[in-house]
Amino acid sequence: MDANLPIAAASQVDFPWLSLIVLLPAVGALLMPLLPGETKYSGSELPRNLALSFLFADFLLIIGVFSQLFDNSLHEIQLAERISWIPLIGLEWSLGADGISAPLVVLSGLITLLSAAASWKIKSKKRLYFALLLVQASAQALVFLSQDFLLFFLAWELELVPVYLLIAIWGGTNRQYAATKFILYTALASLLILISGLAIAFSGNQFTLNFTELAELKPSGSFGLLCYLGFLVGFGVKLPIFPLHTWLPDAHGEANAPVSMLLAGVLLKMGGYALIRFNVQMLPTAHLQLAPALIVIGIVNIIYGALNAFAQDNVKRRIACSSVSHMGFVLLGIGAIDALGISGAMLQMISHGLIAAAMFFFTGSFYERTNTLSIPNMGGLAKVLPITFAFFLTSSLASLALPGMSGFISEITIFLGITSQENFTSIFRSIVVILSAIGLVLTPIYLLSMCRRVFFGPRIPALANTSEMNAREMTIGLTLLVPTLVIGFWPRAAIDFYEASTNTLAENLLNTGITTTLKSLPIG
Amino acid sequence: MAAPENLINLSLNAAAVAPEGVVLLAMLGTLIVDLAGEKAAAKWSPPISYLGLGTALILLGFQWNGPLEPSFLGSFLADNLAIAFRAVIALSTLISLLISWRYAEQSGSPVGEYAAILLAATLGAMLLCGSTDLVSVFVSLETLSVASYLLSGYMKRDARSSEAALKYLLVGSAAAAVFLYGASLLYGISGTTNLEAIGIALIDSPTPLAALALVFVLATVAFKIAAVPFHQWTPDVYEGSPTPVVAFLSVGSKAAGFALAVRILIGCFDAFDTQWKLLFTVLAVLSMTLGNVVALAQTSMKRMLAYSSIGQAGFVMIGLVCGTEDGFASMILYMAAYLFMNLGAFACIILFSIRTGSDRISDYAGLYQKDPLITLGLSLCLLSLGGIPPMIGFFGKIYLFFAGWADKQYLLVVVGLITSVISIYYYISVIKMMVVKEPQEASEVVNSYPLIQWKTIGLPPLRIALVTCVVVTAVGGILSNPLFQWANSAVAGTPLLQQVIALAGERSIG
């Protein structure tokens with residue numbers, strides 16, 4: 001790491017703040033093995049406290065950096081750092097944040113912190129558990145912040161093993177199957193990502209891995225389409241896109257609640273982020289051509305995910321299927337190819353990150369008390385756990401996009417984005433809106449029926465003596481739900497963060513020749 | 001053969017083989033102390049061999065980027081490529097020795113002889129890397145092979161070890177015979193045994209007979225690097241041989257095989273460039289696929305590593321097939337990375353088998369509770385072999401794929417990527433065994449795990465080797481820029497490779 005490379009960015013700061021954000025949790029992970037080993041009966045709480053303090057410091061740092069040093073009226077990469085790492089393969093430690101990455105870094109910092117706080121009752125292998133959580137925090141931040149393709153790929157692969165182990169060791173009964181399925185899906189997908197990325201990197205006159213320079217190459221034609229499809233499938237596994245989603249209900253269902261929070265809250269967002277960063281930003285021509293297809297897949301996601309949720313008897317699997325359905329809206333927004341649509345997709349990612357994490361957290365909280373996740377085995381919990389019920393119901397309402405909550409704003413923005421896109425024929429637009437509205441109707445049915453069956457109905461005697469949530473759990477719940485309400489009533493709080501970037505993105509798409517490409521399509 | 005005036009001047013330039021000379025001295029030293037009895041041998045063989053190999057490594061360091069003059073009348077050349085491979089071999093022997101003592105002691109075999117034979121194998125392998133004459137190639141190849149047969153049959157009381165030795169001997173001798181046949185054809189065509197001269201003669205008159213010679217020679221190379229379909233000996237030999245010997249065979253002997261491949265295929269068969277590259281592509285695809293797929297089904301740790309090493313050799317072959325600057329450099333880099341991660345893994349399984357006497361993968365269940373060091377070390381090394389960041393293997397593999405893609409070897413890169421996903425599955429299932437299993441699911445072997453202690457003779461060196469390999473594997477990736485530079489300057493300081501790269505560049509422009 002020697003030569004400093006020229007930085008093409010709006011602002012440059014002297015201190016490597018972003019590196020600090022990325023590396024701080026990793027330092028915490030390295031300290032874990034130094035802690036005293038756990039004895040058989042009384043494990044110390046030191047690993048948890050260490051992880052919590054590192055993640056809390058990291059979150060404060062993220063908030064500080066993005067509120068003080070980040071200028072959200074600019075669309076360029078800010079706070080950029082660029083150090084040559086291995087020049088022979090063009091690998092650089094190149095970090096930077098724009099409006100698309102910044103809110104997701106904040107989200108990732110928040111969810112990871114809360115997930116560590118939710119892991120209060122981890123009993124076995126504490127040091128390993130919290131070390132993996134810290135590594136995961138670093139890898140996530142690196143995914144959102146890296147500005148070099150190989151560095152991005154490294155971060156993308158880095159989170160593979162922690163998540164695998166987190167599911168495989170601390171998950172439910174079927175955890176090993178779920179973990180293996182997760183790692184195989186993700187590893188196969190990253191193969192396509194690497195191939196597509198290398199193909200684009202070698203396609204220009206000058207070999208480059210830098211995102212900004214890659215975006216200037218703008219590959220088109222069938223080569224661009226192939227790369228686009230490679231990325232789409234690669235990132236689609238994470239998002240997930242139907243039919244690549246089958247790992248998700250297993251992984252989310254089998255992982256323990258804090259890990260499910262991470263999976264739903266951050267990992268799925270990595271897929272959406274990468275789709276915007278690579279497919280929309282680097283391959284605009286191909287994106288314009290395939291946008292209608294993206295919308296169709298999005299609708300399939302919404303309806304198929306919702307219908308799947310009906311069939312699930314396990315609370316967590318049902319929420320996992322609802323995630324598939326909700327991430328379909330992200331696809332719709334990206335496919336709308338206008339500023340409103342992309343902005344809605346961003347907001348949907350943020351809002352779903354908060355809401356899904358909240359739902360998994362509450363599920364985990366009453367699972368700790370009832371030891372069952374099967375809906376038929378529960379009933380009448382509202383009497384015993386009124387506060388849990390209130391929280392769970394609120395998050396369900398947020399999830400079904402009740403007006404006043406963030407989900408409503410994001411979904412309505414996406415609809416507006418699609419309906420205002422003049423380049424689609426009006427029939428196409430109306431069909432899209434009608435079909436996704438069906439999804440909107442299905443969501444309350446399966447979520448509220450779950451609430452009814454779990455919290456009302458005949459009381460199961462075995463569950464009569466369960467204790468209520470404690471202050472810690474209520475704090476975590478509030479930390480997740482208050483932002484959803486704030487965004488619901490005052491969406492500017494979130495939108496201001498990324499609007500400059502999404503607007504530029506949409507402008508770029510327009511400049512790429514929106515009229516010429518779309519008119520040639522049957523539905524365009 | 002040399003011209004008469006050279007014979008008169010006798011400019012042997014023997015300093016080029018000084019490192020080999022030191023290894024030879026160390027070998028004689030261990031033989032001599034062996035005469036003084038078992039106790040003296042056990043006490044003095046280790047320091048003598050460390051000293052010899054350490055000095056050899058230092059001497060190799062001095063040779064780096066030195067003036068290039070052929071030694072022994074054109075039968076040996078100490079270019080940077082040879083130095084890099086010789087260093088990899090010497091280092092792999094050093095680490096293999098460090099992890100051997102306790103194992104040899106426990107199996108009740110004489111230590112002095114063991115060190116002497118391993119040093120002889122090293123001597124052959126190192127000479128092979130710099131050989132530029134068919135005669136010196138064959139002599140050093142046989143030195144390596146004969147010593148390897150002896151090593152694999154070293155635990156004479158174990159029937160499996162003897163079986164491995166016999167199998168290895170039979171297949172190896174057949175391979176040697178095939179090589180001799182190919183070499184005699186080459187001599188018949190060109191009238192010389194010097195590789196460079198043969199290369200020129202073949203360019204002038206590429207006859208079908210020469211293609212036959214290519215196939216014979218290629219078969220020998222493929223046998224040495226255990227490329228499919230010349231791999232059949234590997235699993236049996238690896239399973240039966242003493243584990244430290246397997247560690248050496250899988251790294252040192254393989255590195256020598258790759259050096260031989262570069263010397264012969266690139267130095268001599270440039271006229272058949274397309275042909276041997278096609279053959280090698282087929283071998284690489286088969287090795288990666290079969291090695292990694294069959295490894296899935298293994299229940300013995302040693303057999304799994306045997307098949308995985310077949311797959312790993314397939315990855316290295318990508319670099320060789322590219323024939324570009326990056327291609328050769330990535331091959332050298334991956335060999336060096338492979339040295340640490342594979343020997344690290346072997347150090348862990350040797351330690352496990354010293355403590356429990358088992359090699360079965362299922363016996364590793366629940367090891368995390370009892371032995372965190374082996375668990376951590378083996379996990380890191382296996383993840384590195386699977387190419388997971390930030391381990392050194394990730395960077396090595398990325399460089400190989402990078403070079404392959406730049407040279408438009410799309411098939412090889414895609415097969416390499418797919419098979420490395422497969423390899424992640426079996427590497428991680430071992431980690432799953434060790435880390436994920438609950439204490440009550442632990443194997444019987446782990447339940448009766450002995451108390452960990454390091455005071456026994458032979459264990460401290462093992463610990464040093466294990467920790468070094470694991471640390472390099474884990475941290476070496478992040479700090480791998482010097483290693484990349486080193487691999488690149490190894491290619492830059494080798495005229496033979498520079499010629500080929502320049503030629504390939506002209507071909508692609510023309």
Side-chain angles (χ1 to χ4, degrees), chain A residues 1-2 26 30 33 37-38 40 84-91 93 124-125 127-128 132 135 138-139 142 150-151 153-162 164-171 175-176 179-180 183-195 197-199 201-202 207 209, chain B residues 325-326 329-330 333 368-369 372-373 375-376 379-380 383 386-391 394-408 410 413-414 416-425 427-429 431-432 435-439 474 477-485 487-488:
Chain A
M1 295 196 195
D2 34 26
L30 289 179
E38 35 211 285
K40 217 168 193 177
S84 178
W85 187 352
I86 301 176
L88 278 170
I89 49 172
L91 178 59
W93 179 261
S124 60
K125 300 174 189 164
R127 288 184 299 170
L128 184 63
L132 291 174
V135 171
S138 277
L142 191 56
L150 272 185
L151 187 64
F153 183 73
L154 189 153
W156 190 270
E157 293 281 282
L158 188 61
E159 59 58 81
L160 220 70
V161 177
Y164 170 83
L165 289 177
L166 283 173
I167 299 175
I169 301 181
W170 294 274
R175 56 187 188 269
Q176 303 205 356
T180 310
I183 204 168
L184 287 184
Y185 265 73
T186 322
L188 276 170
S190 40
L191 186 156
L192 286 170
I193 299 169
L194 182 66
I195 291 177
L198 281 184
F202 278 108
F207 172 79
L209 290 167
Chain B
E325 187 128 24
D326 280 332
S330 63
L333 177 81
Y368 177 80
Q369 319 285 341
L373 179 72
T375 309
L376 181 74
S379 301
L380 290 179
L383 287 177
I388 300 279
M391 270 26 115
F394 171 79
F395 292 88
K397 242 181 217 177
I398 277 281
Y399 196 22
L400 278 171
F401 294 148
F402 175 92
W405 197 270
D407 193 47
K408 304 193 168 56
Y410 302 129
V413 175
V414 170
L417 280 167
I418 294 175
T419 49
S420 35
V421 173
I422 299 174
S423 75
I424 291 176
Y425 180 80
Y427 290 130
I428 212 155
S429 62
I431 299 174
K432 191 165 80 181
V435 183
V436 177
K437 295 276 186 208
E438 297 295 323
I478 297 166
L479 307 172
S480 56
N481 198 25
L483 206 56
F484 272 81
Q485 306 285 0
N488 216 260

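Convention: sequence-line order gives letters A, B, ...; per-chain numbering from 1. Only this structure's heavy atoms are used, side chains among them; waters, hydrogens and symmetry mates stay out.
- Listed by chain and number, the residues in a side-chain hydrogen bond (donor to acceptor under 3.5 Å, both in side chains) with A:T180 amount to none (sequence neighbours excluded).
- When atom types are taken as modelled, the side chain of B:S330 and the backbone of B:A403 share no donor-acceptor pair closer than 3.5 angstrom.
- Between the side chain of A:K125 and the main chain of B:V435, a donor-acceptor pair closer than 3.5 Å is present.
- Not less than 6.0 angstrom separates the ring centroid of B:F395 from the ring centroid of B:F402.
- Contact count versus chain B (heavy atoms, under 4.5 Å) is highest, among A:L191, A:L188, A:L165, for A:L191.
- With a 4.5 Å cut-off on non-hydrogen atoms, A:A199 touches chain B through its backbone and its side chain both.
- Two residues are said to be in side-chain contact when any heavy atoms from C-beta on lie closer than 4.5 Å; A:W85 and A:L154 meet this criterion.
- In this structure, chain B has a heavy atom under 4.5 Å from the side chain of A:L160, while its backbone stays farther away.
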B:I398 vs A:F153, side-chain contact (heavy atoms from CB on, under 4.5 Å): CA-CA, chis, key distance, verdict: CA-CA 10 Å; B:I398 277 281; A:F153 183 73; 4.2 Å; yes
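- Of the two parts of B:I422, neither the backbone nor the side chain holds a non-hydrogen atom closer than 4.5 Å to a non-hydrogen atom of chain A.
- Only the side chain of B:F394 comes within contact range of chain A, with heavy atoms under 4.5 Å apart.
- The choice from B:P390, B:A406, B:S420 that makes the most heavy-atom pairs within less than 4.5 Å of chain A is B:A406.
- Of the atoms belonging to A:I183, it is side-chain heavy atoms, and not backbone ones, that fall under 4.5 Å from chain B.
- Chain A forms more heavy-atom pairs under 4.5 Å with one residue of B:Q369, B:K437, B:M391, B:K432 than with any other, namely B:K432.
- Residues passing the side chain to side chain contact (heavy atoms under 4.5 Å, CB included) test with A:A201, sequence neighbours excluded: A:F207, A:L209, A:L214.
- If you tally non-hydrogen atom pairs under 4.5 Å between each of A:I89, A:I169, A:L91, A:L150 and chain B, the highest count goes to A:I89.
- Using a 4.5 Å cut-off between heavy atoms, B:Q485 touches chain A through backbone and side chain atoms alike.
- Of the atoms belonging to B:L383, it is side-chain heavy atoms, and not backbone ones, that fall under 4.5 Å from chain A.
- Proximity to chain A involves both the backbone and the side chain of B:L417, based on heavy atoms less than 4.5 angstrom apart.
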Criterion side-chain contact (heavy atoms from CB on, under 4.5 Å) on A:L88 and B:N481, from CA distance to verdict: CA-CA 8 Å; A:L88 278 170; B:N481 198 25; 5.8 Å; no
